[in-house]
Amino acid sequence: MVFFFNKRTETKHKDLPPKEDYDELVKLFRRCDVNNDGRLSWEEVKAGFRRLHSRFPVYRTHRAFQMADQNHDGYINVDDELDKLVTYVLECYPGTIKLRLI
């Protein structure tokens with residue numbers, strides 16, 4: 001009998017993004033908080049995606065708010081919700097953060 005597929009599949013662990021990429025994105029979005037109120041507005045997040053040379057910054061901003069704005073107040077709190085924003089960005093641009101920030 002011939003098997004075309006392996007019976008036992010090996011599970012590969014999802015590659016974790018480098019800590020440098022995570023830290024670089026945190027710094028990027030903290031710099032985007034131009035009025036230093038501890039919250040990222042729609043325009044500030046969109047500016048962050050523009051700095052990342054996103055082809056669709058409005059769409060990415062919309063999705064980022066869906067993912068990160070947990071209390072739906074129209075802002076991403078830098079202290080509480082920034083982690084979710086950075087995680088979303090790392091999912092969008094795996095392995096290309098350093099190239100995008102050049």
Side-chain angles (χ1 to χ4, degrees):
M1 183 177 273
V2 177
F3 291 103
F4 293 102
F5 301 102
N6 291 335
K7 286 184 178 180
R8 186 175 60 167
T9 59
E10 296 179 19
T11 58
K12 295 181 181 179
H13 295 286
K14 191 175 181 181
D15 294 332
L16 296 175
K19 176 124 174 69
E20 299 86 30
D21 286 352
Y22 182 88
D23 293 340
E24 198 66 35
L25 287 171
V26 168
K27 284 190 250 180
L28 170 82
F29 282 106
R30 285 186 186 272
R31 282 192 309 261
C32 287
D33 184 17
V34 291
N35 57 359
N36 294 320
D37 62 351
R39 304 181 310 170
L40 294 170
S41 67
W42 178 275
E43 290 299 321
E44 291 169 337
V45 173
K46 189 168 70 170
F49 281 109
R50 284 192 176 141
R51 288 184 186 174
L52 288 169
H53 303 286
S54 174
R55 291 176 64 195
F56 308 105
V58 174
Y59 172 76
R60 292 289 179 213
T61 302
H62 176 72
R63 291 290 296 150
F65 270 86
Q66 286 180 335
M67 300 288 191
D69 186 18
Q70 293 178 331
N71 57 4
H72 306 290
D73 65 346
Y75 294 96
I76 295 176
N77 190 328
V78 173
D79 296 328
D80 301 332
E81 300 167 334
L82 186 60
D83 181 56
K84 291 185 181 2
L85 172 63
V86 171
T87 302
Y88 168 70
V89 174
L90 288 170
E91 289 173 1
C92 292
Y93 309 113
T96 61
I97 298 300
K98 290 179 185 171
L99 295 174
R100 291 180 166 279
L101 292 174
I102 293 177

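Along the sequence shown, residues are numbered consecutively beginning with 1.
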Using the rule that two of Ile, Leu, Val, Met, Phe, Trp, Tyr join whenever any of their side-chain heavy atoms come within less than 4.5 Å, decide whether L28 and V89 are in one cluster. yes
For residues 75-90, the salt bridge (charged side-chain N to carboxylate O under 4.0 Å, His left out) pairs (sequence neighbours left out) are none
Run V26 and R30 through side-chain contact (heavy atoms from CB on, under 4.5 Å) and show every step you take. CA-CA 6 Å; V26 168; R30 285 186 186 272; 3.5 Å; yes
Counting C-beta onward and ignoring hydrogens, is there a side-chain heavy-atom pair between V58 and K46 closer than 4.5 Å? yes
Run the numbers on E44 and N35 for side-chain contact (heavy atoms from CB on, under 4.5 Å), then give the verdict. CA-CA 10 Å; E44 291 169 337; N35 57 359; 3.2 Å; yes
I need the minimum non-hydrogen distance between I76 and A64, along with the two atoms involved. CD1-O, 4.3 Å
Hey, quick one: are L52 and L82 part of the same hydrophobic cluster, counting side-chain heavy atoms closer than 4.5 Å, chains of contacts allowed? yes
Any side-chain heavy atom of N71 sitting closer than 4.5 Å to one from N77? no
Taken to the nearest 0.5 Å, the spacing of C32 SG from K27 NZ works out to 14.0 Å
Atom SG of C92 and atom CZ of F56: how far apart are they, to the nearest 0.5 Å? 12.0 Å
Y93 six-ring face occupied by R60 cation (under 6.0 Å, within 45°): yes
Pair D23 + K19: basic N to acidic O under 4.0 Å: yes
Carefully, step by step, assess F65 and V45 under the rule side-chain contact (heavy atoms from CB on, under 4.5 Å). CA-CA 9 Å; F65 270 86; V45 173; 3.8 Å; yes
Before you tell me yes or no, could you show the steps for V78 and R39 under side-chain contact (heavy atoms from CB on, under 4.5 Å), namely the whole-Å CA-CA distance, both residues' side-chain angles and the distance that decides it to 0.1 Å? CA-CA 5 Å; V78 173; R39 304 181 310 170; 5.8 Å; no
Please check this pair: side chain of D69 against backbone of G74, looking for a donor-acceptor N/O pair closer than 3.5 Å. yes
Measure the shortest side-chain to side-chain distance between I97 and Y22 over non-hydrogen atoms and say whether it is less than 4.5 angstrom. no
